[in-house]
Structure formats: structure tokens, C-alpha cells
Amino acid sequence: MTDPFWVIEPADRRPRLVHVNATATGGGVAELLSGLVPAQRARGANAAWAVTGGNAEFFAVTKYLYRLLHGQVPAAPLDDPEYLTVYRAVLAEQAPWFLAEIGPGDVAVLHDTQTIGLAPALRAAGARVVWHCHVGAEIPPERGPGAVWRALAGELAAVDAVVTTLPQFAPPGIPDERRFVAAPAIDPDAPKNRELAPGEGAALLAEAGLTADRTSPRATVVQDAPLPPDARVVVQVSRWDPLKDMVGVVRCFTGLPPDVHLVLAGTDPSEVSDDPEGRAVLAEVTRVRAELPPAERARVHLVSLSMRPPEWSALVVNALQRRADVVVQKSLEEGFGLTVTEAMVKGRAVVASAVGGIRLQIADGENGVLVDPADTAGVRRALARLLDDPALRRRLGERARRSATARYTMRRLADDYARVAAPDAA
Ligand code: UDP
């Protein structure tokens, strides 16, 4: 098992505001914290970021809880009172590391189910404990969330405040004054989002091996031939997770005009420690691609990006999102899709599923297009309509840029957090 470690150390003083999550790279929470912690420091908070360790068994449990909160798996395993034993034992082993760093007067912000198991120990040590749950689906409790809340009742009882993207994602029974809603944010100046110099994006995509016939030590590309310079491009950037439905994107893509290419890009699965399904999903997408008729297969490109160093892969994602004529996010459920906002701030036309937090991000027909992810033909029609209408793409993209830039700023999120972390002082 890996040990906990600091991604961003606190200044050596108290009080501290310590964010705790399960991975330093890969996924939206890591992305968010890399911008939020500096923004909180700029506001004067002694903010820091620590990552828990874990092992395969631990992450299998947390991934199951993640899928259950989205109603994707049966709840029966949680009827076994022993089901969370390994989960709790792994966090109990790490608790001393956290208790040495976080104590009375400090605030611990535990992100997602991977870390809520630390709540009882931190609460007992006198810290204010905030749980930020980034996931959620608008489904009845009996489809999954209810079982999670029952199984984690002891942990939830040790939490002082709960933060979610939508109010309905919070566990039931939390009094109003302890519930907070905060939409995520992005950093427009970060490598992921900053403007690229002329030629920089093209150079990055060539370096990754997508547009040039070369291999990169930092990217694994599955393609028949490099992406042609004049192709119209549809892009989805995601972790390789069943909920992102990369296979479904391939199915929507077939039948689009022959100059349209699809790029599916995701983090190298071996580098996302808390996501055990990545390899299997990437293998499945690779298989589905291989089974396409040759002419269609040649237009589907899979890119698996190493996060080492993180700045390079962020720049490649940036370049890909900017290269896209249309960005798609066909998630089956989504607490909030940072990738959607990242595409919007770049003025892209986005086609995204009308689920969860994405419905906050996009007003259909106004600054993007919302689709039903179960309706393959409907998603294909939405893509085709946008690909064929550059003026519509520009109009939606421009409104997307304006709305996302105004709403999803790190400053706003740091302000939201000031209320959560110290409600009496706000
Ligand atoms: N991401 C990345 N490289 C990849 C795939 C994803 O940097 O190859 C980033 C993506 O740009 C976004 C985050 O990972 O910042 C994913 O966040 P999102 O909220 O869309 O989904 P999550 O992974 O949290 O479910």
C-alpha cells in the first residue's frame, strides 16, 4: 500500500485548511484541487492538499461506491456488514499520518467516498470536517445512493458540513445549515486552458503522435494513420470509465461524413490509482474500434496520455480541445463535467448528455447542445447538425466561452469555500 503524501504542503503554521483526496493526478478532483488550493492561498488561507494511499482492494470498494451512487450496479453487496471492513482498515492505518498534521482549529476537506472514512478520527481530534461529494445522479435512493448513505452512516455522522454540486446530491437528513452547494471551477491560466501560441497546439499533437507518424514516450496512440490536417474533428476527453461511455461515442460516430474523425483521449489507466476499471475500458474501446469496417476504423483515433509530467499532458488536452470542431461528453451520469467547462472556455461547440451537473453547465441551444445519452441516433444527429453549420458552432461556442468564463472561476469557488470552511466568519 502507498503512504499518504503532500501534493501541496501547508505553511508551517495553524490553522490549516487541508484538502484530502485519493489521487494527485487524473480525474476532476485532482484537476480542481490543483487550481483551488493556490486560489485559497491567494485569499490568505493556509490551504494544503494531501493524498491518501490505498491498495487494489480498497479502490475496488471505492469504485463500487462511486458506481452505486450513479445507480450503475446492484446494492446487494452492501447488505453484508463486513463489506466496508477493508475500506475502513486501510484508512485506519493512515489516520495517524493525518492526525499528526490536522487537529483542533484546522479544517479537513475530505473529497468523495475514497476519504470520508477519515471523518470520525479527524472529528475526534477536534478538526472541522467537511465532506465534498463531487458525484451524484438524479435517481431514486433505492437505485443505489440510499444503500451508500446507510452503509456510511457512521462516517456521515462525523461530518460537520457537506458540499455537493446540486442540492439533491446530498445525503438525506443533513440539516440545512450544514449543507452547501458549490459548482466546480477551472483556472483559465492553467496549462489545460491557457491560450496557445500560434503553432503550439499543432506541435503538441504531432509530439503526441496523433498528427505525425511518430511514437511518443508519453502517449499511446491507436490509429491506422495520423489525423489528417484538414479533417473535421470530434473529440471526447475522459478517464477510461464506463460512465463516460467512450464505446457509445464510437457508435454515435459511425455514419458521419467521411472527412469527420473522432479522437477519444484519456489518461493512461496505469496512472489513475483510484480507478481500477481504466485498463478494461480502454481494452474494450480498442476492441470495438478494431471491429469497425476499415474505412470507419481509420477515422477513429484513441490516445492514452501519460500524466508525467502533468503539464505536458494538460497542454495536449488543451490542444485537442482547441483542435475539435465539436467536443462531445456522452457521460451516462456526471456530477459535473470539468471537461465540458474546459471546452466551453475555449469557445468550442459542445454536445453533452443532459445528466446531473452538465444540466447546470449547458443551456440547450443557448451555449451548447444537450442530448439523451441513450439515444444514439439523436447524439449522431446533434453532431451532424453542428458539423454542418459553422455559424451555429461559432454562435454556441462564443456564448459558451462567455458563460463559462463568468461562472466557473476559481475565485468564486474559493469564496464559496470560505463559507463552508468557516461559516461563522463568512
Ligand atoms: N483529463 C486529463 N487528461 C485526460 C483525461 C482527462 O487531464 O487524458 C482531465 C480533464 O481535462 C478534466 C478531468 O481530467 O480536467 C476530468 O474531470 P471531469 O469532471 O470531466 O470527470 P471526472 O474524471 O472527475 O469524472
Side-chain angles (χ1 to χ4, degrees), residues 28 31 186 191-193 196 200-202 204-212 219-223 226-241 244-254 256-257 259-268 281-282 285-286 288-289 296-305 313-331 334 337-353 358 361-362 368-369 371 373 379-380 382-388 390 393-394 396-397 400-401 404:
E31 180 74 23
I186 62 164
K192 176 72 55 73
N193 299 308
L196 297 176
E200 192 181 3
L204 283 158
L205 298 184
E207 209 178 307
L210 177 66
T211 53
T220 309
V221 180
V222 179
Q223 61 186 3
L227 179 71
D230 54 352
R232 288 186 288 168
V233 178
V234 175
V235 168
Q236 176 162 305
V237 175
S238 288
R239 284 177 300 112
W240 303 101
D241 180 313
K244 308 294 182 180
D245 200 19
M246 295 285 222
V247 167
V249 181
V250 175
R251 302 224 157 92
C252 296
F253 168 79
T254 56
L256 289 175
D259 68 315
V260 178
H261 285 238
L262 172 66
V263 180
L264 297 176
T267 322
D268 180 339
V281 172
L282 178 54
V285 184
T286 307
V288 168
R289 176 190 175 278
E296 301 229 317
R297 189 183 63 220
R299 298 191 285 125
V300 177
H301 310 255
L302 310 181
V303 185
S304 186
L305 286 169
S313 81
L315 284 168
V316 174
V317 170
N318 185 343
L320 267 175
Q321 289 167 332
R322 288 181 192 277
R323 173 67 180 85
D325 294 278
V326 178
V327 169
V328 62
Q329 189 61 53
K330 195 187 165 301
S331 303
E334 194 71 75
L338 275 186
T339 51
V340 170
T341 295
E342 288 163 4
M344 291 173 77
V345 292
K346 297 178 181 83
R348 298 296 91 189
V350 181
V351 171
S353 304
I358 295 179
Q361 298 166 263
I362 293 183
V369 175
V371 288
V379 178
R380 187 182 298 123
L383 291 172
R385 187 160 67 93
L386 282 180
L387 285 163
D388 284 348
R393 289 207 302 274
R394 266 197 304 280
L396 293 176
R401 195 185 58 69

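Only heavy atoms go into these numbers, but all of them, side chains included; no hydrogens, no water, no symmetry mates.
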[X] (side chain) donor-acceptor with [Y] (main chain) under 3.5 angstrom:
X	Y	result
Arg380	Thr254	yes
Arg289	Val300	yes
Ser238	Gly266	no
Thr267	Arg239	no
Arg348	Arg323	no
Glu342	Asn318	no
Arg393	Leu386	yes
Gln329	Ile358	no
Asp268	Ser304	no
Gln321	Val327	no

statement: To the nearest 0.5 Å, atom CG of Leu282 lies from atom CG of Asp241 at 12.5 Å
A side-chain contact here means heavy atoms from C-beta on lying under 4.5 Å apart; do [X] and [Y] qualify?
X	Y	value
Val371	Leu383	no
Leu320	Leu210	yes
Leu262	Arg299	no
Leu302	Thr286	yes
Met344	Val350	yes
Leu315	Leu196	yes
Leu205	Val316	yes

- prompt: Going through the distances and angles, do Val234 and Val260 end up as a side chain to side chain contact (heavy atoms under 4.5 Å, CB included)?
  reply: CA-CA 7 Å; Val234 175; Val260 178; 3.9 Å; yes
How far apart are the closest heavy atoms of [X] and [Y], and which atoms are they?
X	Y	answer
Gln236	Val249	OE1-CG2, 3.4 Å
Val340	Gln361	CB-NE2, 3.6 Å
Gly28	Leu338	O-CD1, 3.3 Å
Ala231	His261	CB-CD2, 3.5 Å
Ser353	Ser331	OG-O, 2.7 Å
Trp240	Met246	CZ3-CE, 3.7 Å

message: Looking at Lys330 and Asp245, is there a salt bridge between them, counting it only when a charged N and a carboxylate O are closer than 4.0 Å?
response: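 Here Asp245 pairs with Lys330 in a salt bridge, since their nearest N and O are under 4.0 Å apart.
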- prompt: How far apart are the C-alpha atoms of Lys192 and Thr339, what are their side-chain angles, what is the distance that settles it, and do they pass the side chain to side chain contact (heavy atoms under 4.5 Å, CB included) test?
  reply: CA-CA 10 Å; Lys192 176 72 55 73; Thr339 51; over 6 Å; no
